Amino acid sequence: MVRSNDEVAALLAEYADLISITGGEAYRARVYEKAARAIGGHHADVATLDLKGLQEIPGVGRSIAEKVTEYFRSGSVQAVEELRAKIPAGVRRLTAVPTLGPKKAHVLYEQLGISSVDELADAVHAERLRDLKGFGPRTEERILHGIELLRSAGDRVLLDVATELAEDLVARLSEVTGCLRCAYAGSLRRVRETIGDIDVLAAARTSAPLMRAFTGLPYVTEVVAHGTTKTSVRTDRGLAVDLRVVPPDSWGAALQYFTGSKAHNIRIRELAVRQGLKLSEYGLFDVESGARIVSETEEEVYARLGLPWIPPTLREDRGEIEAGTAGDLPDLVQESDLRGDLHTHTDLTDGLAPLESMVAAAAERGYAYYAVTDHAPDLSMQRMTDERMLAQREQVRKLDGERGGRGRRAGMRLLHGTELNIGPDGEVDWPPEFLAGFDLCVASVHSHFGQSRAEMTRRIVRACENPYVNVIGHPTARVIGRRPGIDADLDEVFAACARTGTALEINAHPNRLDLRDEDILRARRHGVRFAVDSDAHSVLHLAHIRYGVGTAQRGWLTKDDVINTWPEARLRRFLRKGRTERTRRGTGVPP
DNA sequence: GCCGTTTTCGGCCCGACTGTTTTCAGTCG
């Protein structure tokens, strides 16, 4: 599923690394890194752009635009090939070892000919690093430890694991005497799909008690760095956690700073510099007088730079600064906007809880409606039959409207649905007559993951064209860290969804988060609607929906884009999908 | 190599921590 934009981004990022390693100008390396990011996140396919079009991408000038066109014309870029010839690929891999950057990697290669992580480990054991300038005994230790970490892999953890740990950390540190404020920041606050390390921020007049409490936590197994403002540890699950302690009046500037992303912060600081200001984690300062202007809240910092407060989920330098300047920031969908969940399971198939428990838990969340969508028969291990499904429907009808839920006067409405399997040719489990009995159908790819791109695309587009399919479940079928997404022309799928009135799911399960943020951004441009669903298989899973909302926000979605924020009547109209009209015309009904 | 409400040249984000340094370079976020 490699888009040409991703190919080019990877190439430019490699070039940036090679420039750093060969001791090239730092600014040049940074420019290529920036261009790589800009192209990776660009909405249009760069393979279709000419020199002029390429240069309209921010951070891409003449030289980089020419390299991109050279790449598509000839399949390679001369300048990149020249550096590749000088530096073996393994040397670049060396920089993946924590504490090893481009400079040290280059010294290791130049002086000792080391060009792989294995050779590096051998060289340390053979004590060959001892004679190198700048490499002492501590460096050797750190390198060996870094290699171990690299080999033990699993360097990023899923969102729910990191969130649960961070919430526990914040709760414990908030109890420490002298702790005035505490929160997590970093990629976790931005709700990225996986988390490399956790950043926790605290405000206090003295840091020592917090630092002591932090390093003494039961799950801390290693203290990596220990200072008065910053301490880094590793937990028993291998997760790195940083604690920063700042003075209370720096809270806003520090929270802004440590939330990132790096790319967003660089842009924000450039804005500051242009106004004769300097932004650091301690505040926004006037360069000339050195006077601190603002620092207590994030809102103040953004406001002084001429921006509204930017939600953390948007802080990726994907246009949020421009939108903020123009007053065009989207009014992002919130968890409290959700009126229901449209993809859930019970113990009739592979869920863990019976229907009554799931419904009760959903009502407790305050939902106005809730769909039960157990698996359809083609997923044979679930032993679904027509009879079992119809019996469940009767049960659902009985429970419909019975539960009032938290703070609700009217009863929660139940929808009876199913999660269909999209077969290799785009067919689904049941004929139209049977499908017509459901209030909604989710349809998902659960098999034949290895089809060709053309087959896969056609298959999903056909599912969209089925008048009974309302939502494409976990559209790319990826499982984070275990299975890549299917190879399909997503833009064609998005167009089909928009055309047929089929929603795309944002599956909130932390190991799926599918669609991902970048795909949502693209789909949105096609005018597609979305359903943020938990795909809950147990009562506890219903709460996963928060991760789906975070992902939707990262895709810039508003309440109006998400069908399960809509009032029930509007949702039901959407679910009818113009079936009668379509059926009358005799199109779109599968054989 | 990119970019421009002070700029077509001369800037380019900022600070903490570590190790190997007698004053700082490299790495990280």
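Proteins come first, then strands; the chains are lettered A, B, ... in the order of their sequence lines, and each starts at number 1. This is a predicted model, so every value here is computed, not measured.
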Worksheet item: Looking across every strand, which nucleic acid part, if any, lies under 4.0 Å from Lys133(A) by heavy atom: base, sugar-phosphate, or nothing?
Response: nothing
Discussion item. Between dT20(B) and dC14(B), how far apart are the two P atoms, rounded to whole Å?
Written reply: 29 Å
Worksheet item: Donor-acceptor pair, Glu320(A) side chain versus Asp317(A) backbone, under 3.5 Å?
Response: yes
Discussion item. Quick check on DNA chain B: between Lys278(A) and Arg62(A), whose nearest nucleotide comes earlier from the 5' end?
Written reply: Arg62(A)
Discussion item. Say we look at dG11(B) and dA16(B): how far apart would their P atoms be, to the nearest angstrom?
Written reply: 25 Å
Discussion item. As a quick check of understanding, evaluate side-chain contact (heavy atoms from CB on, under 4.5 Å) for Glu119(A) and Ser115(A), giving each step before the final call.
Written reply: CA-CA 7 Å; Glu119(A) 286 170 22; Ser115(A) 63; 3.5 Å; yes
Fill in: Nearest-angstrom distance, P atom, dG1(B) to dT5(B)
23 Å
Worksheet item: Expressed in whole Å, how much space separates the P atoms belonging to dT23(B) and dC17(B)?
Response: 23 Å
Practice prompt. Using a 4.0 Å heavy-atom cut-off across all strands, classify Glu25(A) as base, sugar-phosphate, or nothing.
Written response: base
Fill in: Distance in angstrom units between Arg130(A) CZ and dT20(B) P, rounded
11 Å
Worksheet item: In whole angstrom, what separates His106(A)'s NE2 from dA25(B)'s P?
Response: 18 Å
Practice prompt. Examine dC3(B): is either OP1 or OP2 under 4.0 Å from a nitrogen or oxygen in the side chain of Arg274(A)? Give yes or no.
Written response: no
Worksheet item: Quick one: which of dG29(B), dG1(B), dT27(B) gets closest to the side chain of Lys104(A)?
Response: dT27(B)
Worksheet item: Is the shortest side-chain N to carboxylate O distance from Glu298(A) to Arg315(A) below 4.0 Å?
Response: yes
Fill in: Whole angstrom value for the distance that separates P of dG29(B) from CG of Leu201(A)
17 Å
Worksheet entry | Arg84(A) and Glu14(A) ion-paired at < 4.0 Å | yes
Worksheet item: Touch check for Tyr32(A), heavy atoms < 4.0 angstrom, all strands: base, sugar-phosphate only, or nothing?
Response: sugar-phosphate
